[in-house]
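To start, the structure under review is shown below, and the notes come after it.
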2 protein chains.
Amino acid sequence: MPEPAYVKIAGEFARNIHTGRWPAKMRLPSYSQIVQDYGVSDIVARKAIELLLSQGLVRSERRRGIYVSDRPNLTRISPERQRQTPEETFRTESDQDISVDRTTEEVSATEEQAGPFGISVGDKITLVVTRVTEGRKPVSISDTYQPLGVTGVSDATHLEETLADRLPTTTHAEWLGTEPGDLVKTVHQRFFAQDGRLIMMSDVSYPRDRYDKFLFRMVLGESSSDANE
Amino acid sequence: MPEPAYVKIAGEFARNIHTGRWPAKMRLPSYSQIVQDYGVSDIVARKAIELLLSQGLVRSERRRGIYVSDRPNLTRISPERQRQTPEETFRTESDQDISVDRTTEEVSATEEQAGPFGISVGDKITLVVTRVTEGRKPVSISDTYQPLGVTGVSDATHLEETLADRLPTTTHAEWLGTEPGDLVKTVHQRFFAQDGRLIMMSDVSYPRDRYDKFLFRMVLGESSSDANE
DNA sequence: AAGTGGTCTAGACCACGTG
DNA sequence: ACGTGGTCTAGACCACTTG
C-alpha cells in the first residue's frame with residue numbers, strides 16, 4: 001500500500017505552488033510532458049492534475065493548458081464583505097480590472113422563494129443578477145431575490161451563509177464557463193431583519209479555483225462549553 | 001458538445017439519491033454493473049461515481065461497494081454547536097451510537113500555534129485530540145490547542161471558522177480511514193475572548209460525505225450596503 | 001471461487017488554439 | 001501542422017471481502 005503515483009506527483013506540484021516556486025498563472029507541464037518526465041501513463045498524469053483542480057490550486061483552460069490559480073491563497077471573508085459593494089470587495093481582493101454588471105427584472109416567485117419569504121408562489125419579486133469579471137475572466141455570478149419594494153439590506157442585522165459544492169445551474173455554468181460535470185462553490189445567503197423577517201436571499205457561485213478557503217466571523221451566545229468536534 | 005456520458009449517469013444517480021428513491025446506505029450498482037447497464041467503458045463508470053464522491057453523496061468502501069451516504073442532507077450549523085459538547089452535537093445529528101474519545105497531552109508549540117497565541121516556539125501548550133465515531137464509523141477528528149491553564153472556552157465571545165478542502169494530516173487520514181489522495185473537509189476554529197485574546201484553536205477534519213453543506217450564522221455590523229457577489 | 005474497488009497501461013478520436 | 005485538454009475503449013493486476 002505505497003503512495004499511488006498520482007498522489008506523489010500531485011503532492012510535488014502542490015508543494016511547488018504553495019511555496020511559490022511555481023508562481024500564480026504559470027503554465028504547468030502538459031499531460032504529455034508529465035507522461036515523459038515521470039514515466040507514467042496518461043491517466044496517472046490526469047488524476048494528478050485532477051487532484052489539484054479539486055483543491056482549487058490550478059485551473060484548466062481547454063486546449064491551452066493547465067495554469068496555477070491567479071491567487072492560490074485567497075480567502076473569502078464574511079460578514080465584512082457585506083458592508084461593501086461587490087466593486088469594493090473584489091477590488092481589495094485583486095490587482096486587476098474588476099467589472100460588475102447588474103440586470104434587474106421582476107419574476108414570479110417559485111416555491112423556493114415563496115416559502116422563505118412567506119408569500120405565495122407566483123407573487124412578483126425582484127431578481128437582480130450580478131456578474132463579476134476580473135481581467136476578463138468571470139469570477140462570480142449571483143441571483144438575488146427580494147420582495148417588491150425592498151431595496152438593499154440596510155435593515156438587515158443577521159446573515160446566514162450556507163456553503164456547499166454543487167453542480168451549477170445552467171445560467172451560472174454558462175457565465176463561469178465551466179465544463180460539464182465541473183463543481184462550483186455555492187454560497188446561499190439569507191439576510192434577516194431585527195424582527196426575524198427575511199429581507200433578501202442570494203445564490204452565489206464561484207469557480208473552484210477562486211478561493212482557497214472561506215472564513216466566517218461569528219458571535220457566540222451565553223454559555224459555550226468545551227468545543228471540539 | 002453534448003453532455004458527457006459520465007455526467008449523464010452521475011446526474012441520474014444524484015437524482016435517485018436526492019429524491020430518496022435510493023435510500024441512505026443503499027449499495028450502488030458496482031462498476032461492472034454500470035458498464036453493462038449503460039454500455040459504457042470502465043472509466044466512464046468510475047468518473048460518474050467520482051463525481052458523486054466529490055459531492056459527498058456517496059461513500060466508497062474498498063472491495064465492498066459504493067454506498068449512498070448515511071445522511072445525504074445533513075447540515076453542519078455554526079455557532080450553535082459550540083454551546084454543546086460534541087456528544088450532544090453529534091447525538092442530535094444521528095440516530096446511531098455516538099462514541100467520543102479524548103486524549104490530552106502537553107506538547108511544544110510550533111510556529112503555527114506560537115504565532116497566533118503570542119507565545120514562543122517550544123513553549124508548552126495543551127493538545128486535546130478528540131475522535132468521534134458514529135455506529136463504528138469514524139466521522140470526525142480534531143486537534144485542539146490551548147495555552148496551559150486555560151480550560152474550555154467559557155470566556156470566548158467570538159469565533160472564527162475557516163472552511164477548506166484539504167489533504168488530511170497523516171493522523172487524521174488514518175483515523176478517518178481515507179484513501180491516499182482523498183480530500184477531507186477541514187474546519188479551522190479560533191476562539192477569542194472579549195478583549196480579542198486568542199483562547200483556543202482547533203483543527204477539525206470530516207470525511208467528504210459527512211455534511212452536505214455548512215451553515216454559519218453571523219451578526220452584521222452597522223451599515224450594510226447592497227450585497228451581491 | 002467470484003466479485004469488488006483501486007491503480008495502471010497503451011492505445012484512440014475530437015475540437016480547437018497557436019505558431 | 002501540431003499540440004492541447006477532454007472523452008473514451010479494452011484490456012490488465014492487486015488485495016481483499018463475501019458467499
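In the text below, chain A, chain B and the rest are named by the order of the sequence lines, each starting its count at 1. As a basis for the values below, the full set of heavy atoms in this structure was taken, side chains included, without hydrogen atoms, waters or symmetry mates. Given the structure is predicted, the values throughout are model-derived calculations rather than measurements.
- B:R27 has its CZ atom 10 Å from the P atom of D:dT18, to the nearest Å.
- Between B:S32 and the phosphate of C:dG3, there is no side-chain N or O to OP1/OP2 separation shorter than 4.0 Å.
- As rounded to whole Å, 14 Å separates atom C1' of C:dA2 from atom CD of B:Q33.
- Using a 4.0 Å heavy-atom distance criterion, A:I66 is classed as a sugar-phosphate-only contact.
- Per the geometry, CD1 belonging to B:I34 stands 17 Å off P belonging to C:dG3, to the nearest Å.
- Checking A:K47 against B:S30, the closest nucleotide of DNA chain C that is more toward the 5' end is the one next to B:S30.
- Note: A:E161 CD to A:H188 NE2 = 10.5 Å, rounded to the nearest 0.5 Å.
- No side-chain donor-acceptor contact under 3.5 Å links B:R217 to the backbone of A:M218.
- Remark: B:Y31 is in phosphate contact with C:dG6, judged by side-chain N or O atoms under 4.0 Å from OP1 or OP2.
- Taking CG of A:D182 as the reference point, atom CG of A:D165 lies at 12.0 Å (rounded to 0.5 Å).
- When each of A:D42 and A:Y6 is assigned the nucleotide of DNA chain C bearing its nearest heavy atom, the one mapping closer to the 5' terminus is A:Y6.
- Against DNA chain C, the stretch residues 52-64 of chain A makes heavy-atom approaches under 4.0 Å through A:R63, A:R64.
- Between B:I43 atom CD1 and C:dG6 atom P the separation is 14 Å, expressed in whole Å.
- Atoms CD (B:E179) and C1' (D:dA15) sit 12 Å apart, rounded to a whole Å.
- Out of C:dT9, C:dT4, D:dG5, the shortest distance to the side chain of A:V40 is found at C:dT9.
- When the C1' atom of D:dT7 is taken as reference, atom CD1 of A:I49 falls 17 Å away, rounded to whole Å.
- Residue A:E112 places its CD atom among 12 or fewer non-hydrogen atoms of other residues, nucleotides or ligands, all under 6.0 Å distant.
- Between A:Y206 and A:Y211, the ring planes lie perpendicular to each other; the angle is over 60°, past the 30° to 60° tilted range.
- For the pair A:E3 CD and C:dG6 P, the interatomic distance rounds to 17 Å; values are reported in whole Å.
- When the P atom of C:dA10 is taken as reference, atom CD of A:Q36 falls 13 Å away, rounded to whole Å.
- For B:D37, the side chain to side chain donor-acceptor pair (under 3.5 Å) criterion is met by no residue, not counting sequence neighbours.
- Between the side chains of B:T171 and B:E174, no donor-acceptor pair is found at a separation under 3.5 Å.
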